[in-house]
Amino acid sequence: MNIFRLAGDMTHLLSIIVLLLKMNATRSCRGVSLKTQELYAVVFVCRYLDLFTNFISLYNTVMKLIFLASTFTIIYWMRFHKVIRVTYDREQDTFRYQFLVLPCLVLAMVLNSEFTVMEVLWTFSIYLEAVAILPQLVLLQRTNNIDNLTGNYVFLLGSYRALYILNWIYRFMTEPNYRQYLVWISGIVQTIVYIDFFYYYIKSWRNNEKLSLPA
Amino acid sequence: EEEESGHDEL
């Protein structure tokens, strides 16, 4: 565990806490993509199957459980909470799951380090995470006056990815046999997806304006 | 304690 990895994990955790607090305080999920949240649920379920087979550390187990529980809480609120679900932008959140899930599944079957159910699902989760934010970014682009908390949520998620890249560089330099090309490439793709958003987020922050993304 | 692969990451 290095400082970049810890900072990355904490940023990831903070992003989810920001989203939970926002939804709980405002009783609204306006601007939040249910599709992205459900894709993250698939990512976490497929990746964390090793909770049953492999103990890494208490930290690792607890964080996995928190990510699973918090994501399912968000989905539950957006689908079933009697006040929050009314505020969901159903008509705007139209990204098709299959455009992301199917290519990632095929890629995971072809490009993996071991052709076993666990490893293919794990690899699938790596590919899917790289693109799971896309429905959220599309929804943000369609939303005028993105509220601060939704903007901060996406900014924190992007920061978490950038910190993971620093973590990989650090591990590559300090651990002799540490290589994971599929994860690195997916992670770099995932971070690139955020660059456009980062540009407008920082611009709006510097100009003290409300964030809006050009269509 | 930690294995040298990405599987120890979250």
Side-chain angles (χ1 to χ4, degrees), chain A residues 1-2 4-6 8-13 16 40 43-44 47-51 53-68 112-114 118-119 121-123 125-126 129 160-161 163-165 167-168 171-172 174-187, chain B:
Chain A
M1 176 74 80
N2 60 67
F4 303 112
R5 160 79 195 279
L6 184 65
D9 287 347
M10 289 306 120
T11 311
H12 192 186
L13 185 61
I16 298 174
Y40 279 137
V43 165
F44 291 143
R47 189 173 309 164
Y48 298 162
L49 285 173
D50 69 350
L51 275 172
T53 60
N54 188 17
F55 180 78
I56 295 163
S57 64
L58 183 63
Y59 169 83
N60 201 283
T61 301
V62 170
M63 290 294 278
K64 284 173 175 169
L65 293 174
I66 292 175
F67 286 147
L68 282 166
N112 55 61
S113 56
E114 198 186 355
M118 289 285 278
E119 191 61 28
L121 285 176
W122 185 86
T123 312
S125 83
I126 295 292
E129 188 189 351
Y160 137 66
R161 295 316 306 181
L163 286 162
Y164 253 66
I165 290 180
N167 155 54
W168 295 330
R171 290 187 72 172
F172 179 72
T174 55
E175 294 175 33
N177 299 313
Y178 175 76
R179 302 264 189 294
Q180 41 167 355
Y181 300 108
L182 299 179
V183 173
W184 292 342
I185 293 166
S186 315
Chain B
E1 165 221 356
E2 284 185 345
E3 57 183 30
E4 286 172 349
S5 81
H7 287 45
D8 58 353
E9 291 174 352
L10 292 164

Where does A/Trp168 contact chain B at under 4.5 Å (heavy atoms): side chain, backbone, both or neither? side chain

Check whether any side-chain heavy atom of B/Glu9 sits under 4.5 Å from a side-chain heavy atom of A/Arg47, and report yes or no. no

Is A/Phe55 in contact with chain B via its backbone, its side chain, both, or neither, using a 4.5 Å heavy-atom distance? neither

Chain B contact via A/Tyr181 - which portion, at a heavy-atom distance below 4.5 Å: neither

Between B/Asp8 and A/Ile56, is there a donor-acceptor pair closer than 3.5 Å when you use the side chain of the first and the backbone of the second? no

Any residue meeting side-chain contact (heavy atoms from CB on, under 4.5 Å) with A/Asn112, in chain and number order, not counting sequence neighbours: A/Phe115, A/Val120, A/Thr123

Is chain B contacted by the side chain of A/Asp9, its backbone, both, or neither, given a heavy-atom distance below 4.5 Å? side chain

Please say which of A/Gln180, A/Met118, A/Glu119 ends up in a side-chain contact (heavy atoms from CB on, under 4.5 Å) with B/His7. A/Glu119

Contacts of type side-chain contact (heavy atoms from CB on, under 4.5 Å), residue A/Leu51, not counting sequence neighbours: A/Tyr48, A/Thr61, A/Lys64, A/Leu65, A/Leu68

Taking all non-hydrogen atoms of both residues, which atom of A/Tyr164 and which atom of B/Leu10 are closest, and how far apart? OH-N, 3.3 Å

